[in-house]
Structure formats: C-alpha cells, structure tokens
Visitor: 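Following this message is one structure expressed as structure tokens.
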Amino acid sequence: MTTTESKNGVDYDVVVAGGGPVGLFLACELRLGGADVLVVERLAEVDETIKAGGMNTAGAVTLYRRGLLPDLTAAWERNRWRMRAFLGEREQKQEQGADAARTPPKFAGHFAGIMMRGDLFDDSDPAFADIGPADGVGLGVPQVELERILGARAERLGVEIRRGVELTGFDADENADDGADGADGVVVHLGSGEDVRTGWLVGCDGGRSTVRKLAGFDFPGTEPEITGYQAVVEMSGGERLGAGWNTTDVGTYVNGPFPGRILTVEFDGPPADRSAPVTAGELQAALRRVSGVAEVTIHKVHSSTRFTDNARQASSYRQGRVLLAGDAAHVHSPFGGQGLNLGLGDAMNLGWKLAAVVRGVAPGTLLDSYTAERHPIGAWVLDWTRAQIAVMRPDRHARALRRVVTDLALTSTGTTYLVKRISGVWQHYNLPGDHPLTGQSAPDLELADGTRLGDHLHDGRAVLLDLADDPKLRARAEGYGDRVDVVTVACPGRPELTGLLVRPDGFVAWAADQGDSGEGLGEGLEETLDHWFVAT
C-alpha cells in the first residue's frame, strides 16, 4: 500500500466517507470552520436513482443560512412545472399570473398518505413566524439536484472529493480521542490501495454504512415488515390509476406528482434481496397487486429502488475519533420525507463543533453535545415513521385507526399540528437559559440595515446581535477571535429583543429582552460564550 505525503502527522484533518448530500454538506461546514477535508465516495458519478423528492422547511432554512437560497430557488423552478402540470394545476398558474406562479406554496405534505389541506393550515401559528424567504423553497428540489448543488459548493470551498474510491477499512487509535492532537487518530484504508492518515473519520455512507459496521456502533431498532418500491417508469394504462396517494385492501400506491413516478407498499415482509436490480416485471406485478388495475403495463424503468421500514438508530453518534451522520446513524422508512432533512441537520450541528476541535480552539468534549442534541430528534423521526406504518397497514384495526386519524387531520388544529411536525419547525435543543428563544432555531429577523439574520450566517460563524447598541454587551464578546461575529443593528419588528447569540448552526444559545434584570444586559452571555467557543 502507499500513503499520501503527511503534514503535521496527518494527511487530512477529517475524512468523510460518503459523498451524498449529507457528506458533502458536512465537508462544506468543516471547510468553513478551517478544517482540511477529504471526501471519498465509492460511486464514480452522482447517483441518479430516485430518492427524496424535496426538503422540508427546516432543511431549506439550513441551506439558506449558508447562502444557497438562489441555488435552491433555481432548482425549484426547474422542477415545479412538471409536478403542477401532472396535478392539473396548469390553468391555475395561468389565472394567477406569472408573479404568483413563481411563489412557492406553504409546505403541507402528508401523514401516511393522508394529505393535508392547505385551507385548514393556520399559518398564524407562532411556530411559523419569522421563517424567512426559505419557507417552501426546498419542497420541489430532488435529492440528486441538491447533491449537485452541494458538490459544486464543496469544490468552491476547496474540499477534495475522490469519486470511485471506496473506504475498505480503518485503524483508529482508541487512546487518541480527546481532540488534543490530530496525529495518529485514524488510518483509513482505501480500495485504491492507499492509506490516508486523518485526525477524524465521519461515516456519512448511508444506511448500510461500512464505517458504522467496522467501528462496531450499537444499532438497535425494529425489524421491517414492508416491501416498498419507488420508480420512474414509462407505462401504459396509467390513466386508470388514481392520482396521488391511494390506499387499497392490499397496501398503498402513489401515482405522481409527475408523469411516470410510482410508489408501492405491501405488508408482506421485507424483500429477499434488497440489492438485486429492480425489473420492470417486478414493479408491474407490485403495482397491479396493490392498485387492482390489471391493465397497467410498465414498458421501461428509468430509475428504481426498493425500501423497507427497518428502523434503527446508533446509541451514540461518536466512538473516539469516529463519528456518524445521516443514514449511517439512523435508518427508517421514507414516509414523511424526514431522512434527508435529518441528515442535513446532523451535518450542520456537527460541522462547526468538529472544526473547532480540529483547530484546537475547543476541547474534544464539545463533541458530546452532538449526540446529546441530535439523538432525540433522530429518535422522534423513527417513531414518526413507525406511526405512519401503523396507520397504513391493511388490517381492520389499522383501517379503523386511519379513519380516526383522518378525521383529526382534517381539522385546522390537526392540520397545523401535523404540518409543524412535517416541516421541522418544532425542532429545538435543550440548552441552558430561561429565554423562550434559547435552544430554538433562530427567527430570521428583518434588521434595520435591510439585511436579515440569515444573511449574517453564510460564513459559518456564530453571530452576536447587539440590538440595543450597547458597548458593554459587545465588550463581553471580545477574545473569541474569528469564531463570533458581532453585528450592531436595530430590529424594528422585535423591539423587545436587545441581544441574541446565534450559534453557527443557526440555533439560539443566549437571548435578552428589554428590562432583563441582574448583572445587566449581558447576564449569562460570558458563560454561554465560554461554553461554546472557549475564549482565546
């Protein structure tokens, strides 16, 4: 084997295994934080297989905070027309006019195929306040397009990406786990015959993660009970199929939201071989069984995949110098479209923390907060998908439950609750502090200088908003180098707020209002800054 030329004991600060959206986004976050990153991806080209059809609000906001809103909007524009045309909304676009047609709709979605009605959604709910311009934009951005967007960004930031190169093994120094020294952390073995020395290894290599298996991460969960197919095909007889989600006595099928896209679910156990190529005959048989339409014929398969409801989650996302993110850390059925968004959230949470440890400006113990903050959200997603499986089963008990859930969903309160959960706007971390905003995803405040809070997060640094022009508040933020940007500006729309400390991942670590008592406006700020950023 050969070894690349080392610098200061390592070839790269971090090696990321897996070049899908989560691995690429994590690599971008690490580069913003000053880490030297290598991404290795076993596939030689971007995977064109049909996967996630879009992002929820939380996922879109995550990318907006890194300046990617124009890219998302352009991708949305390319895809929205074919979806709306298939759903019979072309005339509606023309009636509304071009300007209205360019406005993305509020994210609605479904629960177990029970579609949410937009007219029942209460967008005055406080959870949807101050989301900003990313609201709804990611809905029509397929995973393959997102991967291209993030790949281009990673290259601009100087991330080295090696495609067609597979991680085959690694040797991790279990004694070098405190982050104090990058040397002798992990030696990564590549299928090319090369060994790479790195301080840290992150597995973003999917649900069948090689990194997770070789590292021996505990991966408990529940066994699968369904076989599902998702595909883009050419077929005849499709006009006999119902549009959208359809529940039958056998299972569930989906037709749309664009021509040729189908999905089927049968409750007959997992497939015998998930890795075998999906044939046109196999898809056709499944679609005919579930839909009951014998006349539908599949002539050609453009893209296809099998899936199950296997639901598992690593007990911890870190073992020494080895970490997991995305599907490598948690797997579940695709219902509700949570997986991609969950993985992006993992990357956003981990990236700035690991980069700080790599640079030596934070202790390795900072990484303990990664599992502590992300594991509960991952556990919720697994249960969210399990609940949908329970409601989708074809037995009489489940169908009775489905009718009850449908009745609840078709109320304003029920719809709003479900949309909050589907969109991800409910997500928060249990951080110390009494202010209502602490631990919440930061509101995208409109500031007096014409900017929004999201505009100040593009570079991946924390932001201290001094909304009261208080020199004592700004003085408390001295000594944090290039990790905390101080922005002094008013916020006319939220006059009660006087100060806000937003972490690099966009979550509020500290906030203060007019009239706060104690040691002054900055009470608790120094402790919070020291906790997350450790003064130099």
Visitor: Main chain of Leu287, side chain of Thr264: is a donor-acceptor contact present, judged purely on distance under 3.5 Å?
Guide: no
Visitor: If you look at every heavy atom in Gly251 and Arg399, which pair is closest and at what distance?
Guide: O-NH2, 4.0 Å
Visitor: How close do Ser303 and Thr49 get, heavy atom to heavy atom, and via which atoms?
Guide: OG-CA, 3.2 Å
Visitor: If we only count heavy atoms from C-beta on, is the Val39 to Glu160 side-chain gap below 4.5 Å?
Guide: no
Visitor: Short question: side chain of Asp205, backbone of Val211 - any donor-acceptor pair under 3.5 Å?
Guide: yes
Visitor: Only one of Met235, Arg240, Arg261 clears side chain to side chain contact (heavy atoms under 4.5 Å, CB included) with Asn255; which?
Guide: Met235
Visitor: For the atom pair CZ (Arg421) and CD (Gln427), what is the distance rounded to the nearest 0.5 Å?
Guide: 9.5 Å
Visitor: Kindly say whether Leu120 contributes a backbone atom to a donor-acceptor pair with the side chain of Asp122 at under 3.5 angstrom?
Guide: no
Visitor: Evaluate the side-chain proximity of Met55 to Leu63: yes if any heavy-atom separation is below 4.5 Å, no if none is.
Guide: yes
Visitor: Judged by modelled atom types alone, do Arg374 and Tyr429 share a side-chain donor-acceptor pair under 3.5 Å?
Guide: yes
Visitor: Testing the 3.5 Å rule here: is there a donor-acceptor pair between the side chains of Ser369 and Lys353?
Guide: yes
Visitor: Working note: Met348 + Glu29, criterion side chain to side chain contact (heavy atoms under 4.5 Å, CB included); need CA distance, chi angles, decisive distance, verdict.
Guide: CA-CA 7 Å; Met348 189 76 149; Glu29 290 296 287; 3.5 Å; yes
Visitor: Mind jotting down which residue pairs meet the ring pair (Phe, Tyr, Trp, His ring centres under 6.0 Å) criterion with at least one end in residues 366-390? Sequence neighbours excluded, please.
Guide: Phe111-Trp384, Tyr317-Tyr370, Tyr317-His375, Trp380-Trp384, Trp380-Trp426
Visitor: Please examine the side chains of Thr308 and Thr227, heavy atoms only from C-beta on, and report whether any two atoms are closer than 4.5 Å.
Guide: no
Visitor: Scan Arg306, Arg288, Arg289 and name whichever one has a salt bridge (charged side-chain N to carboxylate O under 4.0 Å, His left out) with Glu282.
Guide: Arg306
Visitor: Who passes side-chain contact (heavy atoms from CB on, under 4.5 Å) against Ala215, sequence neighbours left out?
Guide: Phe170, Phe217, Gln319, Val322
Visitor: Working note: Phe128 + Phe121, criterion ring pair (Phe, Tyr, Trp, His ring centres under 6.0 Å); need CA distance, chi angles, decisive distance, verdict.
Guide: CA-CA 11 Å; Phe128 296 95; Phe121 169 51; 4.8 Å; yes
Visitor: Could you check whether the rings of Trp245 and His110 sit parallel, tilted or perpendicular, using 30° and 60° as the cut-offs?
Guide: tilted
Visitor: If I compare all heavy atoms of Val165 with all of Ser192, which pair ends up nearest, and what's the gap?
Guide: CG1-OG, 4.5 Å
Visitor: Above 12 or not: heavy atoms from other molecules or residues under 6.0 Å from CG of Asp395?
Guide: yes
Visitor: Using atom types as modelled and distance alone, determine if a side-chain donor or acceptor of Gln388 lies under 3.5 Å from a backbone N or O of Ala112.
Guide: yes
Visitor: For Arg66 and Phe25, indicate whether the former's side chain and the latter's backbone hold a donor-acceptor pair under 3.5 Å.
Guide: no
Visitor: Count the heavy atoms of every other residue, nucleotide or ligand shown that sit under 6.0 Å from CG of Asp273, and state whether that count exceeds 12.
Guide: yes
Visitor: Just verifying a value: how many Å separate Leu43 CG and Glu41 CD, rounded to the nearest 0.5 Å?
Guide: 4.5 Å
Visitor: Taking it one step at a time, do Ser315 and Asp218 satisfy side-chain hydrogen bond (donor to acceptor under 3.5 Å, both in side chains)?
Guide: CA-CA 6 Å; Ser315 301; Asp218 188 31; 2.8 Å; yes
Visitor: Looking at every non-hydrogen atom in both residues, tell me the closest pair between Val265 and Leu263 and how far apart they are.
Guide: CG2-CD2, 3.7 Å
Visitor: How long is the gap from CZ on Arg117 to OG1 on Thr415, to the nearest 0.5 Å?
Guide: 7.5 Å
Visitor: Measure the spacing between NE2 of His189 and CG of Leu214 and express it to the nearest 0.5 Å.
Guide: 9.5 Å
Visitor: Where the side chain of Gln313 meets the backbone of His330, is there a donor-acceptor pair that is under 3.5 Å apart?
Guide: no
Visitor: Evaluate side chain to side chain contact (heavy atoms under 4.5 Å, CB included) for Phe307 paired with Ile226, printing each intermediate quantity in order.
Guide: CA-CA 8 Å; Phe307 63 88; Ile226 71 168; 4.1 Å; yes
Visitor: Under a 4.5 Å cut-off applied to non-hydrogen side-chain atoms, are Ile161 and Leu24 in contact?
Guide: yes
Visitor: May I ask you to test the Val357-Leu367 pair for a side-chain heavy-atom distance under 4.5 Å?
Guide: yes
Visitor: Donor-acceptor pair, Arg402 side chain versus Val404 backbone, under 3.5 Å?
Guide: no
Visitor: Pair Thr168, Arg42 - check side-chain hydrogen bond (donor to acceptor under 3.5 Å, both in side chains), show working.
Guide: CA-CA 10 Å; Thr168 58; Arg42 65 178 182 83; over 6 Å; no
Visitor: What's the verdict on side chain to side chain contact (heavy atoms under 4.5 Å, CB included) for Met392 and Thr247, showing C-alpha distance, side-chain angles and the deciding distance?
Guide: CA-CA 8 Å; Met392 292 170 67; Thr247 299; over 6 Å; no
Visitor: If I compare all heavy atoms of Leu344 with all of Val22, which pair ends up nearest, and what's the gap?
Guide: N-CG2, 4.1 Å
Visitor: For Leu38 and Val16: C-alpha separation, side-chain torsions, deciding distance, then whether side chain to side chain contact (heavy atoms under 4.5 Å, CB included) applies.
Guide: CA-CA 6 Å; Leu38 169 67; Val16 176; over 6 Å; no
Visitor: Mark yes or no for whether Asp346, through its side chain, and Gly326, through its backbone, hold a donor-acceptor pair below 3.5 Å.
Guide: yes
Visitor: What pair of heavy atoms forms the shortest contact from Ile422 to Gln338, and how long is it?
Guide: O-NE2, 3.1 Å
Visitor: Is the side chain of Arg31 donor-acceptor paired with the backbone N or O of Ala154 at a distance under 3.5 Å, no angle test?
Guide: no
Visitor: Mark yes or no for whether Gln143, through its side chain, and Lys51, through its backbone, hold a donor-acceptor pair below 3.5 Å.
Guide: no
Visitor: Can you find a pair of side-chain heavy atoms, one from Val144 and one from Val46, that are under 4.5 Å apart?
Guide: yes
Visitor: Can you tell me if NE2 on His299 sees more than 12 non-hydrogen neighbours from other groups inside 6.0 Å?
Guide: yes
Visitor: Would His302 and Glu234 satisfy side-chain hydrogen bond (donor to acceptor under 3.5 Å, both in side chains), going step by step from the backbone distance to the final call?
Guide: CA-CA 8 Å; His302 293 287; Glu234 293 179 17; 2.8 Å; yes
Visitor: With a 4.5 Å heavy-atom cut-off, do Leu350 and Leu30 have their side chains touching?
Guide: no
Visitor: Distance check, rounded to the nearest 0.5 Å: Thr371 atom OG1 versus Leu323 atom CG?
Guide: 7.5 Å
Visitor: What distance do Glu223 atom CD and Asp309 atom CG have between them, rounded to the nearest 0.5 Å?
Guide: 10.0 Å
Visitor: Just wondering, more than 12 heavy atoms not from Arg153 lying within 6.0 Å of its CZ?
Guide: yes
Visitor: Quick one: are Val278 and Thr305 in side-chain contact, heavy atoms under 4.5 Å?
Guide: no
